[in-house]
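As the structure is a prediction and not an experimental result, all values here were calculated from the model.
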Amino acid sequence: MSVKGFLDNVAKIPTWPFIPGKDGDDEFEIKGEVVLMKTYVVAVNDAIATTSDVVSELAGQRVFLYLVSSNQIDQATGTGKRGEKTALTWDPVDLPVPQEKRSSITFKWKSELGVPGALLVKNLHRNEFFLKSVKLFAVPGKLPELRFYCKSWIYPFDKVERVFFSTQSHLPDKTPEGLKKLRSQELVSLRGNGSGERRTADRIYDYDVYNDLGNPDGKPDLRREVLGGSQELPYPRRCRTGRAAAKTDRKFESRPLPIFQFYIPPDEKFPHLKFSDFGANLVKAFAQNLAPKLKTLFRDQFESLEHVNEIYSEGLPKLVNNVMELTQGLVPFQIGKALLNTEDQALINFRRPQVFDTEERAWMTDEEFARQALSGINPMAIQCLQSFPPSSSLDAELYGPQKSSITTDHIEKYLHGLSVQQAVKAKRLFVLDFYDFYMPYVERINKQSDELKMYASRTVYFLTAEGTLSAVAIELCLPHTSVSQAVRNVYTPAHQGEEAALWLLAKAHSRVNDSVYHQLVSHWLRTHAVIEPFIIATHRQLSKMHPLHKLLLPHYLDTMNINSAARQILINANGIIEGGFTPYRYCMELSSREYKKWKLNEQGLPADLIKRGMAVPDSSAPHGLRLVIKDYPYAVDGLEIWFAMKQWASDYLSLYYKSDDAIKQDNEVQAWWREIVNVGHGDLKNESGWYQMESVKEAVEAITTIIWIASAHHAAVNFGQYGYAGYMPNLPTVSRQFVPEKGSSQYADMVKNPEAYLLKSVSNPGQATTVMAVLELLSKHSTEEVYLGQVNGSTPEWTDDEGIEVAFKSFSSSLVSVENNVTERNKNPLLKNRYGPAKVPYTLLYPSTSDVSKEGGLTGRGIPNSISI
């Protein structure tokens, strides 16, 4: 029921809430229910916490709650009048595993105070607890209800009280008088003062540059450049932690000991059950990584594809027992429980990835190689070739010729009778062009180690009459240096003899370029990194009672927690990304270079497709957009999702903004947007691409883009990672040897055994298994995942506003239609890009709105609301 309906019902009740026998009394009771959980980690820690809290109860140090009037002002405080304080009954935890606890609660209230609009909570215990929600009942067990959606950790304080507002939204100028000051105070408290080191219990959202990826105090080789705060290396801002400066260079922030986590505001931390999944998967990833390394202890490379396949063979039970014994006492109880409950057949072995599972050698075919440019995990890099040959914008004096060395003679024989110019005009030539991205760094990358040998590549594809792509040329480039000339080697398809071996290696180097770009740009930069400033600004500038805050909040869940973990173990100096991807120490610098070109108004799917030449405006086409490749699974499925999102955002915002002036006059929205542009993405504040936030239309476009980035875009690049890159030869992340020159001993080795030479040229067993372990972790859905368009009940639990139920049902229904369409398209044998030789259906943008999706794990489908794992 809407709040309006709720208030109408209240008006009909002589004394609300109606309690039999109390009719007519000025003071009465309000019955309610509190849902909470205890601390993060259980076992010994929770036992101590529980005992401590029981002692606190006996000493009178309890958890107290107050209701606050929406419209009756206390002149002494300037806020709504409070009701009497009510103590929360604190029952001892009867199980060692964290779970929701539901407790009844009764408030005393006076009818003259009207309807409560806020809830104050004061925790006098020694330990924090997680407050999920509070419900108030007019008549117990029946509607109407007044709800407070809390989802927050309540830390112990002597004087400070936490405030929660009811699920009714209010624009700033429509805020009830009794809540105005509380609204303002809450926002001020969340901003902090920009100084000091943040502590665990702080609820402060603030910005900083990426100055904590390196560890110059450790050793000089671990120094990394500061990302953000300069035109040379711009970057989105991350959450400020305020740790002390590094001793050796004060422009860097010191790193905590490995056992301590980076600060993030407490409400951004994983709740109990998702933390259990996350921790279990981390431990399992460690065990999986350990086993293959032991298997290959005396080998420094894969010697054959059969050797690679051993990774997926049966496990070693004795080793499993040893690992469990070693980790016993170090792994929290709920993580161990999740490990023991895993459905995987062998703890320390990898599942067979989808691309390798059905057809073991399909990944080697040219058809599958080309298909993955449209349907793999990086389908947003391919471009329609507008002119031939491809060209560069880089300085020719520094990096060599600007025009590609691919000629008409190289490719025309593969164009089915067309000339190159005819193919360009007909929009049938496409390119994966990583030349400008890598070339400025190739020399530096290759100087790091004799085991790192990278090219900057271009791969050209032709669109066949069947609607599939075929690769027609690969160019591998090196810059000229003081000791060598620029390299511009071109390879074309071949399936026999020496040329076939060269083509196999060229495809491998192209895939390395693609996999690195995918991880650093399409995945990390364009989802995780760019969305964090939006999260910070939303908490600092939009009140929790603001309808836009409520709309965006589900799309931020867990992201800052994951980003924080990434800074500690993934993207840091000598972290997993550096160790497993060819650029090594330059990984993050490369992503900063690409951020220079980032524009918000190009991140929405339609704009992105048009920019890449993969779609053209066409008023006769659905949604006014015609795809250049009709069977482009990422785009076809994605456009249906995009326009469903856009309709949902439009329907939602129209409930609150009846004119463009309403947007302009919303001081919270305007402050929010200014801060995103000028602070959160401040290095690009003077660039084009920013919406002005002066009309409802602009707001809808901006909000749809934010939701798209956090949900569908991330799902498309994340949850298929293990399915495609879990089999290293299909998508290697390291290139260790150049293509050999004809006449050399290496060339003879390549001709003698092309597959063995390929494996010497890409990721070694240690690199491969480390990356695979992480990719399996990242590709898993939590068992508690909430997917796009999916809620418990008919409306989102964070709001009761009138009109939301109808709009959300329409959104959910449209996503069900998308699911059905995806299923039918995947059955269509004429749509060959959706399945391919490897027999991997394209389901990465299958929304998964049904409860069946709650199975979690490596499903290869489902669009979570947020950037989560």
Side-chain angles (χ1 to χ4, degrees), residues 168-175 183 187 236 530-556 598-608 610 623-624 639 641-681 684-685 687-713 788-789 796 798-799 801-804 806-808 810-811 814 865-866:
Q168 183 179 16
S169 302
H170 299 285
L171 293 176
D173 62 345
K174 299 292 193 299
T175 308
R183 180 175 187 144
L187 286 173
V530 302
I531 212 71
E532 187 157 343
F534 288 92
I535 300 173
I536 297 170
T538 298
H539 286 282
R540 287 169 54 89
Q541 300 296 343
L542 294 179
S543 167
K544 286 180 173 55
M545 68 170 68
H546 197 291
L548 187 51
H549 186 123
K550 294 176 185 290
L551 174 63
L552 291 173
L553 191 62
H555 303 291
Y556 296 157
W598 185 87
K599 300 180 188 299
L600 181 64
N601 67 357
E602 295 176 349
Q603 303 310 301
L605 182 58
D608 171 58
I610 292 172
H623 307 296
L639 285 172
I641 292 164
W642 167 269
F643 286 105
M645 285 179 180
K646 188 172 181 179
Q647 188 62 54
W648 159 237
S650 178
D651 290 345
Y652 186 97
L653 293 180
S654 69
L655 296 173
Y656 305 97
Y657 298 106
K658 306 303 182 183
S659 68
D660 292 342
D661 285 341
I663 286 280
K664 296 177 186 178
Q665 294 165 9
D666 188 328
N667 63 299
E668 287 187 7
V669 162
Q670 296 303 320
W672 171 69
W673 199 248
R674 283 195 302 272
E675 188 165 286
I676 288 168
V677 175
N678 295 312
V679 184
H681 285 277
L684 303 183
K685 64 183 178 182
E687 302 296 327
S688 62
W690 293 108
Y691 298 105
Q692 297 305 304
M693 206 56 69
E694 293 183 348
S695 68
V696 176
K697 182 179 179 180
E698 279 189 307
V700 168
E701 200 71 30
I703 298 309
T704 307
T705 302
I706 294 169
I707 295 173
W708 169 263
I709 291 170
S711 57
H713 179 116
L788 199 65
W798 33 260
T799 183
D801 290 3
E802 190 171 15
I804 298 298
V806 173
F808 194 82
S810 176
F811 178 47
S814 65
N865 272 322
S866 62

TODO: Please assess Leu600 against Ile676 for the test side-chain contact (heavy atoms from CB on, under 4.5 Å), listing each intermediate value before the final yes or no.
DONE: CA-CA 11 Å; Leu600 181 64; Ile676 288 168; over 6 Å; no
Open item on the list: Please determine whether side-chain contact (heavy atoms from CB on, under 4.5 Å) holds for the pair Tyr657 and Val669, giving the CA-CA distance in whole Å, both sets of side-chain angles, and the decisive distance to 0.1 Å.
Closed with: CA-CA 12 Å; Tyr657 298 106; Val669 162; 3.5 Å; yes
TODO: Would you give the length of the straight line joining atom OG of Ser169 to atom CD of Glu802, rounded to the nearest 0.5 angstrom?
DONE: 12.5 Å
Task: Spacing of Leu542 atom CG and Leu553 atom CG [to the nearest 0.5 Å] - done: 11.0 Å
Task: Note, Leu552 side chain near Phe534 side chain (heavy atom, < 4.5 Å) - done: no
Open item on the list: Would you say that Val679 contacts Pro533 through its side chain, given a criterion of any heavy-atom pair below 4.5 Å between the two side chains?
Closed with: no
Open item on the list: Main chain of Val700, side chain of Thr704: is a donor-acceptor contact present, judged purely on distance under 3.5 Å?
Closed with: yes
Task: Arg183 (side chain) donor-acceptor with His170 (main chain) under 3.5 angstrom - done: yes
Task: Polar side-chain atom of Gln603 near backbone of Ile706 as donor-acceptor pair, under 3.5 Å - done: no
Task: Approximate separation, where rounding is to 0.5 Å, of Asn667 CG and Asp173 CG - done: 8.0 Å
Open item on the list: Run the side-chain contact (heavy atoms from CB on, under 4.5 Å) test on Trp648 and Leu788 for me, step by step, so that the C-alpha distance in whole Å, both residues' side-chain angles and the decisive distance to 0.1 Å come before the verdict.
Closed with: CA-CA 11 Å; Trp648 159 237; Leu788 199 65; over 6 Å; no
TODO: Taking all heavy atoms of His539 and all of His549, pick out the closest pair and write down the distance.
DONE: ND1-CE1, 3.8 Å
- [ ] Mind checking the CD-CG spacing from Glu698 to Asn601? Nearest 0.5 Å is all I need.
- [x] 10.0 Å
Task: Under 3.5 Å: donor-acceptor pair, side chain of Glu668, backbone of Pro172 - done: no
Open item on the list: Donor-acceptor check, side chain of Gln670 to backbone of Met693, threshold 3.5 angstrom: yes or no?
Closed with: yes
Open item on the list: For a quick test of reading the model, state the closest non-hydrogen atom pair linking Gly604 to Thr705 and the distance between them.
Closed with: N-CG2, 3.8 Å
Open item on the list: Using a 3.5 Å distance criterion without hydrogens, assess whether the side chain of Asn865 forms a donor-acceptor pair with backbone atoms of His555.
Closed with: no
Open item on the list: Treating Glu602 as the side-chain partner and Ala607 as the backbone partner, does any N or O pair qualify as donor plus acceptor under 3.5 Å?
Closed with: no
Task: Inter-residue atom distance Ile610.CD1 - Leu605.CG, 0.5 Å rounding - done: 9.5 Å
Task: Side chain proximity check, Trp642 to Ile707, heavy atoms < 4.5 angstrom - done: no
Task: Test item: side-chain donor near acceptor, Asp666 and Tyr656, under 3.5 Å - done: no
Task: Donor-acceptor pair, side chain of Ser650 and main chain of Lys646, under 3.5 angstrom - done: no
Open item on the list: Suppose we call two aromatic rings close when their centres sit under 6.0 Å apart. Are His681 and Trp690 close by that rule?
Closed with: yes
Task: Ser814 to Ala644 - nearest heavy-atom pair and separation - done: OG-CB, 3.4 Å
Open item on the list: Closer than 3.5 angstrom, by distance alone: can the side chain of Gln541 be matched with the main-chain N or O of Ala671 as a donor-acceptor pair?
Closed with: no
Task: Contact check, side chains of Leu187 and Arg540, non-hydrogen atoms, under 4.5 Å - done: no
Open item on the list: If I compare all heavy atoms of Ile641 with all of Ala712, which pair ends up nearest, and what's the gap?
Closed with: CG2-CB, 4.2 Å
TODO: First locate atom CZ of Phe811, then atom CD1 of Ile804, and finally report the distance between them rounded to the nearest 0.5 Å.
DONE: 12.5 Å
Task: Heavy-atom pair with the smallest gap, counting every atom of Phe643 and Pro606 - done: CZ-CG, 4.1 Å
Task: Any donor-acceptor N/O pair, Trp673 side chain to Tyr691 backbone, under 3.5 Å - done: yes
Open item on the list: Looking at Lys697, I'd like to know if its NZ atom is crowded, meaning that more than 12 non-hydrogen atoms belonging to other residues, nucleotides or ligands lie closer than 6.0 Å.
Closed with: no
